[in-house]
Amino acid sequence: MASKSVIQSVKGTREFYPEEMAQRNYIYSKVREASQTFGYQEWDAPFLETIDLYAAKSGEELVKEQSFCFPDRGGDLITLRPELTPSLARMIAQKQGELAYPVRWWSFGPFWRYERPQRGRSREFFQWNVDMLGVNSPEADAELIAVGATFLKLAGLTPQFATIFVNNRRLMDAQFDALGIPAEKRLDVSGAVDRRTKMEPVKWDEYVLEIGLSQEQLDGLKQILTNFDLWQKSDELVRLFKALEALGVKEYVKFDPNIMRGLLYYTGTVFEAFDTSGSVRRAIFGGGRYDNLLRDVGGDPLSGVGFAMGDVVIGILLKEKGLIPAFVPTPAPVLVTIFDESLWMESFSLAAELRATGIKVTSYPEPAKLPKQFKFADRMGAKVTIVIGPDEAAAGKVTIKNLTNSTQETVARADVEKTVRKILEG
RNA sequence: GCGGCUGUAGCUCAAUGGCAGAGCACUUGACUGUGGAUCAAGAUGUUGUGGGUUCGAAACCCAUCAGCCGCCCCA
């Protein structure tokens, strides 16, 4: 094997060998199932966008520090999309008058962020996005949470392993107001709330006082953040939890006043799913309600709710918990061996006959010792091997071996399909 | 962008300044028409890269690259 001479992959990019590709496709299949169960339509947006799309709305840091950005041949600044929502807003705005509302769209595709790779985070990742636009209600919020919960359920993550924590920006703003925290400090306070669990309590207290809150306000804030019954003061959240119960996913959801989410554009309900068994401390998915997004790209005001899930964290979790199905290397359960030069084409035409009946068949590509061919079949996860040797050829027969239980039988050529199907179905 | 840890065979790792090794995997054979088990034999290296210290470096020092963990950030 060459080693030092191999040109390295770009830092933080993903190489999907067949096993990893199977895992990615598995996640994709569950994402699709969860989305379609609720009637969401699949869509996608360009992978390349001009930087202006993000400059308008996304945070400074995202555009300047964390996006892959380069000039094209005409000198325009092109960005590898770091998120989907601005593209969504534009595409909705462009056809705002002709879409059937509510719009329920989902997407699963690649994104890029120029961050430092570490556990649960790479520079290239796949992200599931689900959004509903045109309905502004706690019940719509509940549906999105239910889509997420349904995915968790389909993937085998029970409420014991994963929890969706919910909060509401309006509720928190009202609480901050009641403490006399001025509106211009809300952002700083939200930031402080976000990092509370990451800091030592004493340090966090100092940090909050540094922002400019009084000791009294700090005490009040801490009271709010430890009050897990606070949701009862929010009509929206009361309705949300009622709807979640009706939708059958309540056991996945908990109110948590500490959930804020960094995104500026969330205006109401926000939520974040976490692994509760403690291996990865990053969010599995997160989202919330945004009211002003379309207006920011020139459309008419239209409220939406949505969330996004990266493939990296969920992939680690599912793998760790043994929830990814065992990898079978070959998609073809049948392997036809090539006995020798003279019987080569005999095997090829048998393989073709079987394929014509709809069975997936691979053949050894050339004559080789049978042990080698059987070993290959075994390593590729084939269930059936077929041998046409001189004896079979002379008798117009074929030997079929069931690799699962090591039995084999020699049957007339006309019975091959039937025999193979019996093994594959049994 | 900042801090810490780690780079040795395809993989997981040993060798603490004195001949670069083991297990797994691989190849071959036992078994010339049958995989997964067992046994035997064999092959495998620019010790990430570049420099320095030393009689002597995988080990110590400097630089650099890569990976991991954390910080920042997570839209």
Side-chain angles (χ1 to χ4, degrees), chain A residues 1-13 53-67 79 81-89 111-123 125 127 129 187 190-191 194-195 198-199 203 260-266 270 272 280-288 290 293 296 306-310 312-313 316 335-340 343 364 367-394 398-410:
Chain A
M1 272 294 281
S3 48
K4 311 302 177 276
S5 61
V6 172
I7 294 169
Q8 281 172 346
S9 57
V10 175
K11 186 190 185 89
T13 55
L53 180 69
Y54 306 105
K57 186 61 210 165
S58 308
E60 284 273 295
E61 174 144 5
L62 170 61
V63 179
K64 288 192 177 151
E65 319 252 333
Q66 298 196 332
S67 68
T79 303
R81 62 180 188 181
E83 60 164 332
L84 190 62
T85 310
S87 305
L88 171 69
F111 295 84
W112 294 267
R113 290 181 193 177
Y114 197 87
E115 299 178 280
R116 180 143 191 158
Q118 52 188 270
R119 183 172 167 81
R121 201 177 68 182
S122 59
R123 288 184 173 180
F125 56 95
Q127 191 166 278
N129 284 268
L187 201 60
S190 298
D194 248 349
R195 71 189 61 171
K198 288 182 184 171
M199 291 175 76
K203 290 233 165 128
M260 292 302 286
R261 300 204 35 85
L263 267 170
L264 302 182
Y265 54 59
Y266 290 126
V270 288
E272 224 162 33
V280 187
R281 284 171 53 197
R282 297 176 183 281
I284 298 172
F285 60 74
Y290 46 88
L293 214 55
D296 294 332
F307 70 89
M309 177 185 82
V312 181
V313 169
I316 292 171
L335 180 130
V336 178
T337 61
I338 312 294
F339 191 86
D340 61 21
L343 292 162
Y364 209 78
K369 288 180 178 173
L370 281 183
K372 198 171 176 185
Q373 300 191 50
F374 270 76
K375 190 163 192 172
F376 179 73
D378 189 53
R379 290 198 54 178
M380 293 303 286
K383 294 187 175 64
V384 175
T385 45
I386 292 179
V387 178
I388 306 180
D391 300 344
E392 288 87 351
V398 169
T399 295
I400 298 169
K401 180 162 186 176
N402 180 342
L403 291 179
T404 310
N405 63 13
S406 288
T407 61
Q408 71 176 41
E409 57 182 315
T410 300

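Throughout, a chain's letter reflects where its sequence line sits, starting with A, and its residues are numbered from 1.
Across all strands shown, rA20(B) forms no Watson-Crick or G-U wobble pair with both key distances under 3.5 Å. Remark: rG67(B) base-pairs with rC5(B); criterion is Watson-Crick or G-U wobble with both hydrogen-bond distances under 3.5 Å. Searching all strands for a Watson-Crick or G-U wobble partner of rC60(B) with both distances below 3.5 Å returns rG52(B). The partner of rU34(B) cannot be assigned: no Watson-Crick or G-U wobble pair with both contacts below 3.5 Å exists in any strand. Base pairing of rC72(B) is not made with any nucleotide, judged by Watson-Crick or G-U wobble geometry with both donor-acceptor distances under 3.5 Å. Pair assignment for rA40(B) gives rU28(B), based on Watson-Crick or G-U wobble hydrogen-bonding distances that are each under 3.5 Å.
Between Phe307(A) and Phe285(A), the ring-plane angle classifies as tilted under the 30° and 60° cut-offs.
Per the geometry, CD belonging to Glu115(A) stands 14 Å off P belonging to rC68(B), to the nearest Å. If you take CD1 of Ile388(A) and C1' of rU34(B), they are 15 Å apart, rounded to a whole angstrom. Straight-line distance from the CG atom of Leu403(A) to the P atom of rG35(B): 10 Å, rounded to whole Å. Spacing between atom CG of Asp391(A) and atom C1' of rU34(B) amounts to 13 Å, rounded to whole angstrom units. Between the NZ atom of Lys203(A) and the P atom of rC71(B) there is a distance of 14 Å, rounded to whole Å. Counting to the nearest Å, the C1' atom of rG35(B) and the CD1 atom of Ile400(A) are 17 Å from each other. Atom CG in Asp378(A) sits roughly 8 Å away from atom P in rA37(B) (whole-Å rounding). Protein atom CH2 of Trp112(A) is 26 Å distant from nucleotide atom P of rC73(B), rounded to whole Å.
If Val10(A) and Ser406(A) are placed on RNA chain B by their nearest nucleotide, the residue sitting closer to the 5' end is Ser406(A). Residues Arg379(A) and Pro371(A) each lie close to RNA chain B; by heavy-atom proximity, the contact nearer the 5' end of the strand is made by Arg379(A).
Spacing of C1' atoms, rC31(B) relative to rC13(B), comes out at 34 Å, to the nearest Å. The P atoms of rG17(B) and rG3(B) are separated by 29 Å, rounded to the nearest whole Å. Between the P atoms of rG52(B) and rA66(B), the separation comes to 24 Å (whole Å). Taking the P atom of each, rA58(B) and rU53(B) are spaced 16 Å apart, rounded to whole Å. To the nearest whole angstrom, the two C1' atoms, one in rG56(B) and one in rU16(B), are 16 Å apart. Taking the P atoms as reference points, rG48(B) lies 15 Å from rA57(B), given to the whole Å. Rounded to whole Å, the P atom of rU47(B) lies 13 Å from the corresponding atom of rG51(B). Comparing rG21(B) with rU8(B), their C1' atoms sit 10 Å apart, to the nearest whole Å.
Proximity of Gln118(A) to the phosphate of rG70(B): a side-chain N or O atom is located under 4.0 Å from OP1 or OP2. Distances shown here put every side-chain N or O of Arg121(A) at or beyond 4.0 Å from the OP1 or OP2 atom of rC72(B). At the phosphate of rC31(B), neither OP1 nor OP2 sits under 4.0 Å from any side-chain N or O atom of Lys375(A).
Phe376(A) comes within 4.0 angstrom of no nucleic acid atom, judged by non-hydrogen atoms across all strands. Among the heavy atoms of the strands, none lies under 4.0 Å from Gln373(A). Nucleic acid contact class of Gln127(A) (heavy atoms, under 4.0 Å, all strands): none. In this structure, Arg116(A) reaches the bases: a heavy-atom distance under 4.0 Å links it to at least one base atom across the strands shown. Contacts of Lys372(A) with the nucleic acid, taken as non-hydrogen atoms under 4.0 Å apart, are absent. Residue contacts for Lys401(A): at a heavy-atom cut-off of 4.0 Å it reaches a base atom on one of the strands shown. No contact: Thr385(A) has no heavy atom under 4.0 Å from any strand.
Judged by distance alone, the side chain of Ser406(A) and the main-chain N or O of Leu403(A) form no donor-acceptor pair under 3.5 Å. No donor-acceptor distance shorter than 3.5 angstrom exists from the side chain of Glu409(A) to the backbone of Ile400(A), with no hydrogens or angles considered. Proximity of a side-chain donor or acceptor of Glu272(A) to a complementary backbone N or O of Gly287(A) within less than 3.5 Å is not detected.
Expressed to the nearest 0.5 Å, how far OG1 of Thr399(A) lies from CG of Asp391(A) amounts to 8.0 Å.
Checking Arg282(A) against Gln118(A) by side-chain atom types alone, a donor-acceptor pair falls below 3.5 Å.
Checked against rC74(B), rG35(B), rG67(B), the side chain of Lys11(A) finds its nearest nucleotide in rG67(B). Closest to the side chain of Val387(A), out of rC69(B), rC74(B), rG33(B), is rG33(B).
Here Arg121(A) pairs with Glu115(A) in a salt bridge; the nearest charged N to carboxylate O distance falls below 4.0 Å.
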Test Trp112(A) against Arg123(A) for side chain to side chain contact (heavy atoms under 4.5 Å, CB included), laying out the working first.
-> CA-CA 5 Å; Trp112(A) 294 267; Arg123(A) 288 184 173 180; 5.9 Å; no
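Contact annotation: side chain of Gln408(A) to base of rG33(B), donor-acceptor pair absent below 3.5 Å.
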